[in-house]
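Only one structure is covered here, and it is reproduced in the block below.
Below, each value reflects all heavy atoms present in this structure, side chains not excepted, and no hydrogens, waters or symmetry copies.
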Amino acid sequence: MNKIIIGNWKMNPASQKEALELFDAIKAGVKDAKAEVVICPPFIYVSSLKFPAPRGARLAQFHGRQYSRLKLGAQNVFWENKGAFTGEISPAMLKSSNVKYVIVGHSERRKYFGETNEDVAKKLQAVLEVGMTPILCVGENEGENREEVLREQLAGVSGFRLQASGLIVAYEPVWAIGTGKNCRPEDVKKAMETIKNLVGDVRVLYGGSVKADNAQEYLEVVDGLLVGGASLNAEEFIKIVEKGS
Ligand code: 13P
């Protein structure tokens, strides 16, 4: 199966103009990529990023749709589809905005917004119910036991029919996110085996200080990458995509 390279822009860039420039540069650079490429912008930019039509498609028919290998993702979601939940965005809204993938349970959501494993399980279920693909983030903090943490974080979701749903699990050790500290590929491999033992033969990605010059070693052990900081630099991100092609 082809590799999947996901850019998580987090709360960046600072303006619509910069978001469009970054997106256009990435779009041009990955148009012949064999890897599947997913961009997860902040919600406010979701509707302004224009994904071109699949090659050979009639433009009118495919207006607003995406290149088959370049897809739109979201960084978060709420678990209800409508109602009085000020400030939240629903799975139905994302689906109707052409979003195909949704990051669920990112460590920054767990740390700064108090998301629990129960919240994450509800979000996961809601995303699956509307037919989008969840990217479930798991990973230990510095000093924690990796196996134990993965077991705890995945306990609430092991009852779902995950394999059939196309679920993606991203192993992101918290201590490796944005720090420049890299997890050894052999440890990523062990984490991947633990994840597959717990939830079945799902696709597993690695995330945490991935750059163009270390992407290859991770791609040898996992199905793809979840890239934060380096996805904000079009040139660097395109180089990472090329490694996965
Ligand atoms: P960095 O690539 O900036 O370390 O971030 C990883 C991440 O959290 C992606 O979701």
Taking the side chain as every heavy atom from C-beta outward, state whether [X] and [Y] have any atom pair closer than 4.5 Å.
{"X": "Lys3", "Y": "Glu36", "value": "no"}
{"X": "Lys100", "Y": "Leu72", "value": "no"}
{"X": "Val99", "Y": "Lys71", "value": "no"}
{"X": "Gln75", "Y": "Phe43", "value": "no"}
{"X": "Val77", "Y": "Ile89", "value": "no"}
{"X": "Val202", "Y": "Val204", "value": "yes"}
{"X": "Val120", "Y": "Arg110", "value": "yes"}
{"X": "Val188", "Y": "Val222", "value": "yes"}

Please write out which residues are connected to Leu205 in a hydrophobic cluster, directly or through intermediates, given that two of Ile, Leu, Val, Met, Phe, Trp, Tyr count as joined at side-chain heavy-atom separations below 4.5 angstrom. Ile4, Ile6, Val38, Tyr101, Ile103, Ile135, Ile168, Leu226
Might you point out which heavy atoms bring [X] and [Y] nearest each other, and give the distance in Å?
{"X": "Glu217", "Y": "Pro185", "value": "OE1-CG, 3.4 Å"}
{"X": "Ala14", "Y": "Tyr45", "value": "C-OH, 3.5 Å"}
{"X": "Val174", "Y": "Ser107", "value": "CG2-CB, 3.7 Å"}

Measuring from [X]:[atom1] to [Y]:[atom2], what's the distance to the nearest 0.5 Å?
{"X": "Ile195", "Y": "Asp201", "atom1": "CD1", "atom2": "CG", "value": "12.0 Å"}
{"X": "Arg109", "Y": "Glu115", "atom1": "CZ", "atom2": "CD", "value": "5.0 Å"}
{"X": "Cys183", "Y": "Ile177", "atom1": "SG", "atom2": "CD1", "value": "11.0 Å"}
{"X": "Lys34", "Y": "Asn2", "atom1": "NZ", "atom2": "CG", "value": "8.5 Å"}
{"X": "Ile240", "Y": "Leu219", "atom1": "CD1", "atom2": "CG", "value": "9.0 Å"}
{"X": "Leu70", "Y": "Ile5", "atom1": "CG", "atom2": "CD1", "value": "12.5 Å"}

Kindly check if the number of other-residue, nucleotide or ligand heavy atoms within 6.0 Å of NZ (Lys189) is above 12? no
When you check the side-chain N and O atoms of [X] and [Y], is any donor under 3.5 Å from an acceptor?
{"X": "His106", "Y": "Glu172", "result": "yes"}
{"X": "Thr116", "Y": "Asp119", "result": "yes"}
{"X": "Glu140", "Y": "Trp175", "result": "yes"}
{"X": "Ser90", "Y": "Glu80", "result": "no"}
{"X": "Glu242", "Y": "Ser245", "result": "no"}
{"X": "Asn141", "Y": "Lys111", "result": "no"}

For Ala191, what residues pass the side-chain contact (heavy atoms from CB on, under 4.5 Å) criterion, not counting sequence neighbours? Arg146, Leu150, Tyr171
Trp79 six-ring centre to Lys123 NZ/CZ under 6.0 Å and within 45° of normal: no
